[in-house]
Amino acid sequence: LAAQVWRAQRCSLLSLALWAPLSAKAVSLAGGSMELCHLKVPLLLAGLFSMYFHMTLSYVGQLLDELSILWTLAVAYSFWYPQAYFPKCIKTRRHFFWLTGITTVISTLMSFVKPTLNAYALNCIAFHLLYLTWKELKKCNDKRVHRMAAVMVMWWALAITSWISDRWLCWLWQAINFPYFHSFWHVLIAMSLLYCCPLVIYFDVSYEMPSFKPKLEYWPSDSWPVVVPYVTLEEPHKQC
């Protein structure tokens with residue numbers, strides 16, 4: 001059993017190491033916006049704490065891993081959540097910052113009550129993101145955006161299937177000496193996020209910079225089987 005756990009965690013660490021350069025390239029391609037600058041530190045901490053947890057499998061490592069993901073999501077929500085979807089009682093982005101911060105602090109304290117539920121709660125956030133994506137796609141006619149959203153959902157569906165299999169059927173995979181579904185989860189959810197982030201930036205530009213026209217591109221080329229998607233901005237429309 002110990003050998004199986006070590007092999008599984010080694011593969012998880014390898015998947016994190018492979019994801020790091022791709023995520024760094026995606027951030028650099030997206031440019032140096034203030035929102036992305038605020039995300040760099042939380043993303044770095046989330047990666048470091050995730051590696052620490054998978055090296056130690058400790059309770060402290062688990063909480064650091066999960067809470068770093070929670071706060072990274074909080075930062076992303078604070079800057080990128082569309083103002084059109086704010087609760088009626090929230091009038092400005094500053095007020096939404098406070099709402100997000102208070103909610104995250106409460107969630108952080110609650111994470112110590114039943115730590116076994118933390119991973120399930122974090123994964124449930126994906127359903128809200130999928131709902132927002134569906135709402136935005138109904139207003140968008142760009143086929144590239146719809147295709148990228150479909151690819152994102154495909155990777156997410158494969159990822160969550162691997163995660164559930166690892167959680168609920170762990171005894172089966174151990175019996176057949178195949179403890180790798182958690183590693184698959186890391187790789188697949190990373191691929192899903194690789195497509196999710198440019199979509200969020202695309203929709204954010206549509207709201208916050210309406211004079212620009214965002215366009216989805218792929219690095220190094222559309223024809224490559226494995227690509228890093230990013231957003232470019234066409235020149236603002238000249239005012240007569």
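When reading the values below, keep in mind they use all heavy atoms of this one structure, side chains included, and skip hydrogens, waters and symmetry mates.
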> Are Leu63 and Leu117 joined in one hydrophobic group, where the rule is that I, L, V, M, F, W and Y side chains link up if heavy atoms are under 4.5 Å apart?
no

> When you measure from the side chain of Lys91 to the backbone of Lys88, do you find a donor-acceptor pair of N or O atoms at a distance under 3.5 Å?
yes

> Keeping Ser192 on the side-chain end and Ile189 on the backbone end, is there a donor-acceptor pair under 3.5 Å?
no

> Could you check whether Arg144 makes a cation-pi contact with Tyr202, meaning its NZ or CZ is under 6.0 Å from the centre of the six-membered ring and within 45° of the ring axis?
no

> Could you point out which residue of Asn118, Ile102, Leu70 forms a side-chain contact (heavy atoms from CB on, under 4.5 Å) with Ser107?
Leu70

> Side chains of Pro87 and Leu99, heavy atoms from C-beta outward: is any pair under 4.5 Å?
yes

> Side-chain contact, heavy-atom cut-off 4.5 Å: Leu64 with Phe53?
no

> Say whether, by atom type as modelled, one donor and one acceptor occur between the side chain of Gln62 and the main chain of Pro115 under 3.5 angstrom.
yes

> Can you hop from Ile69 to Trp156 via hydrophobic side chains spaced under 4.5 Å?
no

> Kindly indicate whether the side chain of Leu188, heavy atoms from C-beta on, has any atom under 4.5 Å from the side chain of Phe181.
no

> Determine, using the 4.5 Å side-chain heavy-atom cutoff (strictly less than), whether Tyr85 and Phe203 are members of one ILVMFWY cluster.
no

> Heavy-atom distance under 4.5 Å between the side chains of Phe86 and His95, does that happen here?
no

> Determine whether Phe184 and Leu158 make a side-chain contact, defined as any pair of heavy atoms from C-beta on separated by less than 4.5 Å.
no

> Assert yes or no for the condition that the ring centre distance of Tyr207 to Trp80 is strictly below 6.0 Å.
no

> Would you please indicate if the ring centroids of Tyr77 and His128 are separated by under 6.0 Å?
yes

> How close do Ala46 and Asp65 get, heavy atom to heavy atom, and via which atoms?
O-OD1, 4.3 Å

> Using the rule that two of Ile, Leu, Val, Met, Phe, Trp, Tyr join whenever any of their side-chain heavy atoms come within less than 4.5 Å, decide whether Leu130 and Trp185 are in one cluster.
yes

> Could you tell me whether the side chain of Lys135 reaches within less than 4.5 Å of the side chain of Pro82, counting heavy atoms only?
no

> Does any non-hydrogen side-chain atom of Tyr81 lie less than 4.5 Å from one of Val200?
no

> Between Thr72 and Ser68, is there a donor-acceptor pair closer than 3.5 Å when you use the side chain of the first and the backbone of the second?
yes

> Taking all non-hydrogen atoms of both residues, which atom of Asn123 and which atom of Ile160 are closest, and how far apart?
OD1-CD1, 3.7 Å

> Determine whether Leu169 and Trp163 fall in the same hydrophobic cluster, where Ile, Leu, Val, Met, Phe, Trp and Tyr are linked whenever their side-chain heavy atoms lie under 4.5 Å apart.
yes

> So, for Leu199 and Ala149, which heavy atoms are closest and what is the spacing to 0.1 Å?
CD1-CA, 3.6 Å

> Between Arg93 and Ser78, is there a donor-acceptor pair closer than 3.5 Å when you use the side chain of the first and the backbone of the second?
yes

> Are the ring centres of Tyr52 and Phe49 closer than 6.0 Å?
no

> Might you point out which heavy atoms bring Gln83 and Thr92 nearest each other, and give the distance in Å?
NE2-CA, 4.2 Å

> What is the minimum heavy-atom distance between Leu67 and Ser111, and which atoms define it?
CD2-OG, 3.4 Å

